[in-house]
Amino acid sequence: MTRPDAENQDLFSIADLASEFGISTRAIRFYESKGLLSPERVGATRIFRKRDRARLILILRGKRLGFTLRDISDYLSLYDADRAQQVNLLAGKVDERLALLERQRNDLETTINELRDIKQLAEQRLTKKAG
DNA sequence: TTTCTCACA
DNA sequence: TGTGAGTA
């Protein structure tokens with residue numbers, strides 16, 4: 001099934017969304033099993049609406065930015081309930097994420113500098129022997 | 001094609 | 001955080 005209802009552009013099958021976003025249908029079911037998506041059902045078959053598609057876009061963006069599914073789930077669960085709380089949560093998570101990335105960048109710079117020092121020492125010894 | 005579940009990385 | 005395989 002690629003078109004649950006050809007008349008209705010608002011409906012998507014799991015295969016539609018998987019191919020549109022380049023992910024597996026398994027991944028989409030996995031997100032559902034974690035509570036991040038809750039498509040309607042016709043029998044056992046999932047029917048996704050624009051709203052579900054919008055949530056999937058947010059899930060994929062969150063993942064790309066390095067957030068866990070748990071983080072994303074917490075954020076999405078506030079989507080309808082409390083916008084102010086949602087913005088606060090997001091701000092906090094973004095701060096955490098930025099802090100982590102900055103620590104990692106510092107660690108990387110330290111490691112890079114250390115490796116450069118080692119390389120420089122090694123090259124100095126080589127030129128001494130050669131010369 | 002889609003579903004679910006279990007094992008596995 | 002997913003994937004593969006078997007199944008109905």
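A quick note: this is a predicted structure, and the numbers were derived from the prediction, not measured. Chain letters run A, B, ... following the sequence lines, proteins first, then strands; residues in each count from 1.
- Between R26(A) atom CZ and dT1(C) atom C1' the separation is 12 Å, expressed in whole Å.
- Between R46(A) and dT3(B), a side-chain N or O to OP1/OP2 separation shorter than 4.0 Å is present.
- Atom CD1 in I14(A) sits roughly 11 Å away from atom P in dT3(C) (whole-Å rounding).
- Atoms CG (L17(A)) and P (dT1(B)) sit 16 Å apart, rounded to a whole Å.
- In this structure, R103(A) does not pair ionically with E109(A), as no charged nitrogen and carboxylate oxygen lie closer than 4.0 Å.
- Whole-Å rounding puts the F67(A) CZ to dG2(C) C1' distance at 20 Å.
- In R41(A), the CZ atom is crowded: over 12 heavy atoms of neighbouring residues, nucleotides or ligands sit closer than 6.0 Å.
- Nearest nucleotide to the side chain of A15(A), out of dT2(B), dT5(B), dT3(B): dT2(B).
- Of the candidates dT1(C), dT3(B), dA5(C), the closest approach to any side-chain atom of K63(A) belongs to dT1(C).
- Residue S24(A) has a polar side-chain atom (N or O) positioned under 4.0 Å from OP1 or OP2 of dT3(C).
- Within the shown strands, nothing qualifies as a pairing partner of dT3(B) under the Watson-Crick or G-U definition with both distances less than 3.5 Å.
- Closest contact between the side chain of S13(A) and the listed nucleotides dT1(C), dT3(B), dT2(B) involves dT2(B).
- When the P atom of dT3(B) is taken as reference, atom CZ of F30(A) falls 16 Å away, rounded to whole Å.
- The side chain of Y31(A) places no N or O atom within less than 4.0 Å of a non-bridging phosphate oxygen (OP1 or OP2) of dT1(C).
- Using a 4.0 Å heavy-atom cutoff across all strands shown, T25(A) reaches no nucleic acid atom at all.
- Among the heavy atoms of the strands lying under 4.0 Å from R41(A) are primed sugar atoms or P, OP1, OP2 only; no base atom is included.
- Checked by atom type and distance alone, the side chain of N113(A) never pairs as donor or acceptor with a backbone atom of T110(A) at under 3.5 Å.
- Per the geometry, NZ belonging to K34(A) stands 13 Å off P belonging to dT3(C), to the nearest Å.
- Taking side-chain N and O atoms only, R29(A) has no distance below 4.0 Å to OP1 or OP2 of dT1(C).
- If you check the side chains of D16(A) and S13(A), you find a donor sitting under 3.5 Å from an acceptor.
- Atom C1' of nucleotide dG2(C) and atom CD of E32(A) are separated by 15 Å, given to the nearest angstrom.
- Salt bridge status for E40(A) with R49(A): present, with a side-chain N to carboxylate O gap under 4.0 Å.
- Taking atom CZ of residue F12(A) and atom P of nucleotide dT2(B), one finds them 15 Å apart after rounding to whole Å.
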